[in-house]
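Residue numbers count from 1 along this sequence. Because the structure is a prediction, the values reported are computed rather than measured.
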Amino acid sequence: LLVYFLVTLPFFMLSENWPLLDCLYFSVVALTTVGYGDFAPKRPVTRLFLCFVMILALVIVVTAIGNLVGTLVSAEISLHRRRKKEQLK
């Protein structure tokens, strides 16, 4: 996630001449795949870069959700096993 912002923020600042706060906002919107439409890159190179960034963002979001769900499921299974073991005693 840190790498995502370390790559996107400077790129948007240099290619679109946006202020840092606008670059951060746009990077978060792209990462969360919300796409409000209030900011849009004008230069073709930025649009091409954004195509790859959005695929990367999708992978980051799906991986984070997968990790969260995996942790929750593991905790639930552990709890279920503990309860089952206590019932057998």
Side-chain angles (χ1 to χ4, degrees):
L1 194 57
L2 180 63
V3 172
Y4 172 82
F5 286 110
L6 288 175
V7 170
T8 58
L9 293 178
F11 186 84
F12 292 138
M13 286 177 74
L14 294 172
S15 66
E16 293 293 321
N17 293 323
W18 290 342
L20 178 62
L21 188 58
D22 289 346
C23 293
L24 178 62
Y25 171 78
F26 188 76
S27 293
V28 171
V29 168
L31 177 67
T32 58
T33 67
V34 173
Y36 290 121
D38 50 352
F39 280 91
K42 306 260 187 278
R43 298 184 63 218
V45 68
T46 311
R47 290 180 181 184
L48 181 62
F49 174 75
L50 192 56
C51 289
F52 294 107
V53 165
M54 291 180 92
I55 292 170
L56 175 65
L58 186 60
V59 169
I60 291 170
V61 169
V62 168
T63 302
I65 290 171
N67 288 338
L68 177 64
V69 169
T71 301
L72 293 174
V73 168
S74 292
E76 188 66 29
I77 289 171
S78 247
L79 182 62
H80 179 70
R81 286 180 180 163
R82 207 171 329 136
R83 286 181 181 164
K84 195 73 163 171
K85 191 182 271 188
E86 288 174 4
Q87 286 177 351
L88 293 174
K89 288 183 179 181

Peer 1: Apart from Val62 itself, which Ile, Leu, Val, Met, Phe, Trp or Tyr residues share its cluster (side-chain heavy atoms under 4.5 Å, direct or through members)?
Peer 2: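 Its cluster partners, ordered by chain and number, are Leu58.
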Peer 1: Are the side chains of Tyr25 and Leu21 in touch, meaning some heavy atoms are under 4.5 Å apart?
Peer 2: no
Peer 1: Restricting to non-hydrogen atoms, name the atom on Ala30 and the atom on Ala57 that form the minimum distance, rounded to 0.1 Å.
Peer 2: O-CB, 3.7 Å
Peer 1: Would you say Val34 and Phe26 are hydrophobically clustered, going by side-chain heavy atoms of ILVMFWY under 4.5 Å?
Peer 2: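 Same cluster.
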Peer 1: Using the rule that two of Ile, Leu, Val, Met, Phe, Trp, Tyr join whenever any of their side-chain heavy atoms come within less than 4.5 Å, decide whether Leu14 and Val53 are in one cluster.
Peer 2: no
Peer 1: Output the distance between atom CG (Leu72) and atom CD1 (Ile77), rounded to the nearest 0.5 Å.
Peer 2: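 Result: 11.0 Å between the selected atoms.
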Peer 1: Can you pull out every side-chain hydrogen bond (donor to acceptor under 3.5 Å, both in side chains) where at least one residue sits in residues 11-23? Sequence neighbours excluded, please.
Peer 2: Ser15-Thr46, Glu16-Thr46
Peer 1: Quickly, which of Arg81, Glu86, Gln87, Arg82 forms a side chain to side chain contact (heavy atoms under 4.5 Å, CB included) with Lys84? Name it, please.
Peer 2: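 Answer to the side chain to side chain contact (heavy atoms under 4.5 Å, CB included) test with Lys84 among Arg81, Glu86, Gln87, Arg82: Gln87.
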Peer 1: Report the distance from atom CG of Leu48 to atom CZ of Arg43, rounding to the nearest 0.5 Å.
Peer 2: 12.0 Å
Peer 1: Using residues 1-12 as the side-chain source, report each donor-acceptor pair under 3.5 Å to any protein atom, sequence neighbours left out, with the distance given to one decimal.
Peer 2:
from	atom 1	to	atom 2	distance (Å)
Tyr4	OH	Ser27	O	2.8
Tyr4	OH	Leu31	N	3.4
Thr8	OG1	Tyr4	O	2.9
Thr8	OG1	Ser27	OG	3.0

Peer 1: Are Phe52 and Val59 connected in a single hydrophobic cluster, I mean Ile/Leu/Val/Met/Phe/Trp/Tyr linked by side-chain heavy atoms less than 4.5 Å apart?
Peer 2: no
Peer 1: In terms of hydrophobic clusters joined by side-chain contacts under 4.5 Å, are Leu56 and Ile65 together?
Peer 2: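 Yes.
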